[in-house]
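What follows is one structure encoded as structure tokens, with my remarks underneath.
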Amino acid sequence: MALQDQNITAIINRSLTPLQDAIVDAITDLKGRDITIVDMTHIESAPLSQFIIAQGSSSTNVAAIADRIREKVQAKTGVKPYNYDGYFASEWIVIDYGHLLVHVFLPETRQRYRLEELWSDANITDLPNID
């Protein structure tokens with residue numbers, strides 16, 4: 001990892017919870033891109049607190065990112081997901097951590113559903129890509 005990438009990662013990780021940090025770390029491990037944190041804690045009608053949304057470059061990459069998230073979160077925090085779904089087609093895999101859902105998409109599937117736009121009144125943070 002280049003020095004600039006390490007500096008970006010350090011800045012990002014200072015503002016994340018341990019669960020968020022493990023998720024973002026797992027996504028970037030396998031070249032996941034366009035990571036967005038959707039914080040809905042201030043929205044009374046929201047069914048949960050947060051989404052973390054990212055995308056992989058292929059269905060194989062999407063499934064590998066989702067696997068890495070589950071593995072790394074358990075290793076770093078001891079937390080297992082309540083459930084996960086979407087491995088059959090691996091276009092959109094969702095991992096449920098109770099108050100936080102992780103969505104890993106193929107780019108075209110993410111564009112089709114546009115979750116960020118559905119929750120546009122949330123606090124949305126786009127993390128920089130690490131190349």
Asn83 (side chain) donor-acceptor with Ile95 (main chain) under 3.5 angstrom: no

Between Arg114 and Gln111 (side chain of the first, backbone of the second, donor and acceptor by atom type, cut-off under 3.5 Å), is there such a pair? yes

Just checking, is any N or O donor in the side chain of Thr36 or Arg110 under 3.5 Å from an acceptor N or O on the other one? yes

Hydrophobic cluster membership, Val94 vs Val102, 4.5 Å side-chain cutoff: no

Do the charged groups of Asp25 and Lys76 touch, with an N to O distance under 4.0 Å? yes

Determine yes or no for a side-chain-to-main-chain donor-acceptor pair under 3.5 angstrom, with His42 supplying the side chain and Asp121 the backbone. yes

Determine yes or no for a side-chain-to-main-chain donor-acceptor pair under 3.5 angstrom, with Gln20 supplying the side chain and Thr17 the backbone. yes

Value for CG (Leu127) from CD1 (Ile37), rounded to nearest 0.5 Å, stands at 4.5 Å

Measure from the side-chain N and O atoms of Asp34 to the backbone N and O of Gln55, and report whether any donor-acceptor pair falls under 3.5 Å. no

Greater than 12 external heavy atoms within 6.0 Å of Asp85's CG: no

Examine Leu115 and Ile23 and state if one hydrophobic cluster contains both, with Ile, Leu, Val, Met, Phe, Trp and Tyr joined whenever side-chain heavy atoms are less than 4.5 Å apart. no

Euclidean distance, Leu19 CG relative to His99 NE2, rounded to 0.5 Å: 5.5 Å

Would a distance-only check, ignoring hydrogens and angles, find a side-chain to backbone donor-acceptor pair under 3.5 Å from Thr109 to Phe105? no

Classify the angle between the aromatic ring planes of Trp119 and Phe51 as parallel (below 30°), tilted (30 to 60°) or perpendicular (above 60°). perpendicular

